[in-house]
Amino acid sequence: MCSLNHFRRIEKIGEGTYGVVFKAVNTDSGKMVALKRIRLENESEGVPSTAIREVSLLKDLKHPSVIELYDVVIADSSLYMVFELLSMDLKKLLDKAKEVFTPQLIKSYMFQIFDAISFCHLNRILHRDLKPQNLLVDEYGHIKLADFGLARTFNIPMRAYTHEVVTLWYRAPEILLGTKLYATSVDLWSLGCIFAEMILRKPLFAGDSEIDQLYKIFQMMGTPNEQIWPGVSQMPDFGLKFPSWKPQQLPSLIVKYKDKDFLDLFRHIMVLDPGRRISAKNATQHSFFRNIEPVTYVSLPLDG
Ligand code: AMP
């Protein structure tokens, strides 16, 4: 573990669920990094050793599409994570440069993400809170996952560091129904929502509360019952009084997407029963990705 003295902060580049992120330079090597500060104010004993251990494990998680964690530094009752620096997050790209999302880029991004998730799942690490804000991009067409494994170490708070309500739009139905047994399938649901958002250019299910989120999902996918999802009625937050919606047609931009294999993959991801949802590994092998062409340049919007 190195000291914070080796880094000079340049500017704040973001605020996430757990804390502030700074652009910084390693003054020994000259290398630019992203420095994430996680304040652990409730901890009277300093930074818990379990958090240090858990986070340090992530240093071994190396994959071209997972943001590299270079180091972990403890200073002023905070835990600092030193990450590889990328240009911006996918949310900003979706907000500011909708025109860059060509079918070729969407396919390339999705393949990279599925491949990275498959690798993390193979290493028994779940994300649990995937959303466009924690997918980072650069101008060479790369997309990388950030914040892997943090939800297990620090839990997903109800409100972010900035007091913003944590977004529910990408949350899997089994989490909304109160499961305590998280499985890898929770990440697949989030990816399906992100996939759809790149095509629709707006969120697929933009709920403003947990129940609104669940109802938005059920209105499109149908209210689950024991036939389509065995065990669903035993879930902690399943209500017998849920309205019984029939599955609706998916948005027409998705149904009519020009790539004919897309709809099949999408239907295998957006399955209410997590036990029948496609795995990330199988998704990478789907025929949708057979004719993938690498994208090597993306015109990113300027800051601001
Ligand atoms: P996070 O806490 O990871 O959600 O980070 C909050 C925001 O900071 C992200 O949405 C990004 O805009 C930015 N950010 C986080 N990590 C990095 C990084 N490694 N490179 C560039 N920007 C980052």
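All heavy atoms count here, side chains included; hydrogens, waters and symmetry mates do not. Whatever order the structure lists them in is the order used to number ligands and atoms, beginning at 1.
When side chains are defined from C-beta on, F288 counts as touching K107, because their heavy atoms get closer than 4.5 Å. Side-chain contact between I10 and M32: present, with at least one pair of heavy atoms (C-beta onward) separated by less than 4.5 Å.
With respect to K202 and E197, no salt bridge is recorded, no charged nitrogen being found less than 4.0 Å from a carboxylate O. Between K216 and D212, at least one side-chain nitrogen of the basic residue sits less than 4.0 Å from a carboxylate oxygen of the acidic one, meeting the salt-bridge criterion.
Not counting sequence neighbours, the partners of F111 by the ring-ring contact (aromatic ring centres under 6.0 Å, His included) test are F289.
For Y297 and Y140, the ring centers are positioned 6.0 Å apart or more.
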What are the atom names and distances for all N or O pairs under 3.5 Å between ligand 1 and the protein?
residue  : atom   : partner : partner atom : Å
ligand 1 : 2 (O)  : K36     : NZ           : 3.1
ligand 1 : 3 (O)  : K36     : NZ           : 2.7
ligand 1 : 3 (O)  : D147    : OD1          : 3.4
ligand 1 : 3 (O)  : D147    : OD2          : 3.2
ligand 1 : 10 (O) : D89     : OD2          : 2.8
ligand 1 : 10 (O) : Q133    : O            : 3.0
ligand 1 : 12 (O) : D89     : OD2          : 2.6
ligand 1 : 19 (N) : E84     : O            : 2.8
ligand 1 : 20 (N) : L86     : N            : 2.9

